[in-house]
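For reference, the structure is listed below as structure tokens.
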Amino acid sequence: MTLGEIPTRTGVVGGGQMGAGIVHALLLAGSEVVLLERDPTAAQGADERVGRSCDKSVERGKIADAAEPMGRLTTTTDAADLAACGLVVEAVPEDEQLKRETLQRVEAVIADDAALATNTSSISLDALATSLRRPERLLGLHFFNPVPASKLVEIVIASATDEAWRERAVTWVRDGLGKTPVVVADSPGFASSRLGVALGLEAIRMLEAGVASAEDIDAAMSLGYGHPMGPLRLTDLVGLDVRLGIARYLERELGPRFAPPQLLVDFVEQGHHGRKTGRGFYDWTKESTV
């Protein structure tokens, strides 16, 4: 059954910043959502993240009461609770083996007519699909951070993805979630990460070389080219550790132009991962550049 254009019951695996944002979007679309986490502590944290996101929707006037969507959320540590979901989105960290294991775990419990999606921002869907029994129903639903405010979802089509699932995904994103779908073929970094990381890495190299400050580099792109935020602030928002992982993957797949700058490597090794740790290219505790 579907509610509008979104399955009445959906699932998300992984309740970090991105996963919680995806849950929030599905709840606002009217779906009942099952959020799967690895242990009770992580499940409680994920539930709290979704709750804060719903509270912000109330503050912005998007919904009247956070209790109503939160009442449709089930947070669990048991994968069997995903069994009745018509769509499950994997949103675990950007590690290929972890994603393979997660997708296999989900496929083992969901119905044959349910869709299986990954929120990967760079990993090949064809590689992930090799471990699945029904690779034709795997597709990429790459959401963008912050999910509630982002208007875009990148739909990634693997070699084995059935055309019917492609069409359903476009409808889900456009009519169910109210976001704009862009459809891309499976390739390293897809379209958004490949271009976004390339810009971000060059901005880091410029900062490393002393060309300009982080604020001035970002202002050049936001004021000169109309970007909603500059590449360094965006890297802080995404997470320097996440960007480093994607850069290393793209370097392996596409060559040395995606080699991460030493400054990025150093910051990650020092624990400066961006907004989530309080410091990256900006000091998020003071909202000034470092």
Side-chain angles (χ1 to χ4, degrees), residues 13-14 16-19 21-22 38 89-104 117-131 138 140-145 152 154 156 158-159 184-209 211 214 217-218 221 227 229-282 284 290:
V13 185
Q17 186 173 350
M18 284 301 301
I22 296 169
R38 63 184 182 275
V89 182
E90 167 275 306
V92 301
E94 198 75 352
D95 176 271
E96 183 173 337
Q97 185 57 35
L98 176 60
K99 287 184 179 291
R100 282 176 181 270
E101 294 171 356
T102 301
L103 291 169
Q104 285 180 309
T118 173
N119 184 56
T120 181
S121 55
S122 62
I123 298 171
S124 167
L125 267 71
D126 284 346
L128 296 175
T130 58
S131 59
L138 178 67
L141 290 179
H142 179 204
F143 290 80
F144 291 78
N145 192 27
L152 177 68
E154 190 174 39
V156 185
S159 299
V184 301
D186 184 34
S187 61
F190 316 131
S192 59
S193 291
R194 188 164 169 176
L195 288 171
V197 169
L199 179 61
L201 294 179
E202 189 59 28
I204 297 168
R205 294 186 190 102
M206 291 169 63
L207 181 64
E208 191 174 49
V211 173
I217 291 170
D218 280 351
M221 298 310 298
H227 291 197
M229 71 176 68
L232 296 172
R233 183 171 287 270
L234 179 59
T235 298
D236 272 7
L237 183 63
V238 170
L240 276 69
D241 54 331
V242 175
R243 275 283 166 94
L244 177 59
I246 296 172
R248 284 175 167 162
Y249 172 77
L250 293 178
E251 181 186 16
R252 292 195 301 270
E253 296 295 321
L254 298 174
R257 69 184 184 276
F258 285 99
Q262 189 60 45
L263 181 61
L264 176 60
V265 175
D266 291 346
F267 270 34
V268 171
E269 289 180 349
Q270 293 163 14
H272 303 319
H273 296 176
R275 187 176 68 171
K276 60 190 174 185
T277 61
R279 183 179 176 187
F281 299 110
Y282 290 82
W284 290 88
V290 294

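Heads up: numbering here begins at 1 and tracks the sequence. It should be emphasised that the depicted structure is a prediction, and the values quoted were computed from it without experimental measurement.
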query: If every non-hydrogen atom of Lys99 is compared with every non-hydrogen atom of Pro93, which pair is closest and at what distance?
result: CE-O, 3.5 Å
- request: Measure from the side-chain N and O atoms of Ser193 to the backbone N and O of Ser121, and report whether any donor-acceptor pair falls under 3.5 Å.
  value: yes
field: Closest heavy-atom pair and its distance - Pro231, Ala203
entry: CG-CB, 3.6 Å
field: Point-to-point distance, once rounded to the nearest 0.5 Å, from CZ of Arg100 to CG of Leu98
entry: 12.0 Å
message: I need the Thr235 OG1 to Leu232 CG distance, nearest 0.5 Å.
response: 6.0 Å
- request: Report yes if the side chains of Leu125 and Thr118 come closer than 4.5 Å at any heavy-atom pair, otherwise no.
  value: yes
query: Looking at NE2 of His272 and CG of Asp236, how far apart are the two atoms once the value is rounded to the nearest 0.5 Å?
result: 11.0 Å
- prompt: So which of Val197, Leu201, Asp241, Val238 actually passes side-chain contact (heavy atoms from CB on, under 4.5 Å) with Ile246?
  reply: Val197
statement: Taken in chain and number order and not counting sequence neighbours, the residues that satisfy ring pair (Phe, Tyr, Trp, His ring centres under 6.0 Å) with Phe258 are none
task: To the nearest 0.5 angstrom, please state how far the CG atom of Leu254 sits from the OH atom of Tyr249.
output: 8.0 Å
- prompt: Would you say the side chain of Val92 lies within less than 4.5 Å of the side chain of Glu101, judging by non-hydrogen atoms?
  reply: no
- request: Take Glu208 and Arg205, measure what salt bridge (charged side-chain N to carboxylate O under 4.0 Å, His left out) needs, and give me the verdict at the end.
  value: CA-CA 5 Å; Glu208 191 174 49; Arg205 294 186 190 102; over 6 Å; no
query: With a 4.5 Å heavy-atom cut-off, do Ser159 and Asp186 have their side chains touching?
result: no
- prompt: Backbone N or O of Pro260 within a donor-acceptor pair of the Glu251 side chain at under 3.5 Å?
  reply: no
message: So Phe267 and Pro261, do their side chains get closer than 4.5 Å, heavy atoms only?
response: no
task: Indicate yes or no: at least one non-hydrogen side-chain atom of Ser131 is less than 4.5 angstrom from one of Leu103.
output: no
query: Taking atom CD of Glu253 and atom OG of Ser122, what is their separation to the nearest 0.5 Å?
result: 9.5 Å
- line: In this structure, CD of Gln17 is separated from CD1 of Ile22 (nearest 0.5 Å) by 11.0 Å
query: Does the side chain of Leu240 come within less than 4.5 Å of Phe281's, by heavy atoms?
result: yes
task: Evaluate the side-chain proximity of Met221 to Leu199: yes if any heavy-atom separation is below 4.5 Å, no if none is.
output: yes
- prompt: Where do Trp284 and Arg233 come nearest, in terms of heavy atoms and distance?
  reply: CH2-NH1, 3.3 Å
- line: side chain to side chain donor-acceptor pair (under 3.5 Å) test vs Thr120 passes for just one of Glu96, Glu90, Glu94, namely Glu94
task: Answer yes or no: is there a donor N or O on one side and an acceptor on the other, between the side chain of Asn145 and the main chain of Met18, under 3.5 Å?
output: no
- line: Sequence neighbours excluded, the answer for side chain to side chain contact (heavy atoms under 4.5 Å, CB included) partners of Ala191 is Glu154, Val184
task: Could you pull out all residues at least two apart from His273 that satisfy ring pair (Phe, Tyr, Trp, His ring centres under 6.0 Å)?
output: none
field: Heavy-atom closest pair, residues Phe190 and Ala185
entry: CD2-O, 4.4 Å
message: Looking at every heavy atom in both Leu250 and Pro188, which two are closest together, and how far apart are they?
response: CD2-C, 3.6 Å
message: Between Arg279 and Gly271 (side chain of the first, backbone of the second, donor and acceptor by atom type, cut-off under 3.5 Å), is there such a pair?
response: no
query: With a 4.5 Å heavy-atom cut-off, do Arg243 and Leu234 have their side chains touching?
result: yes
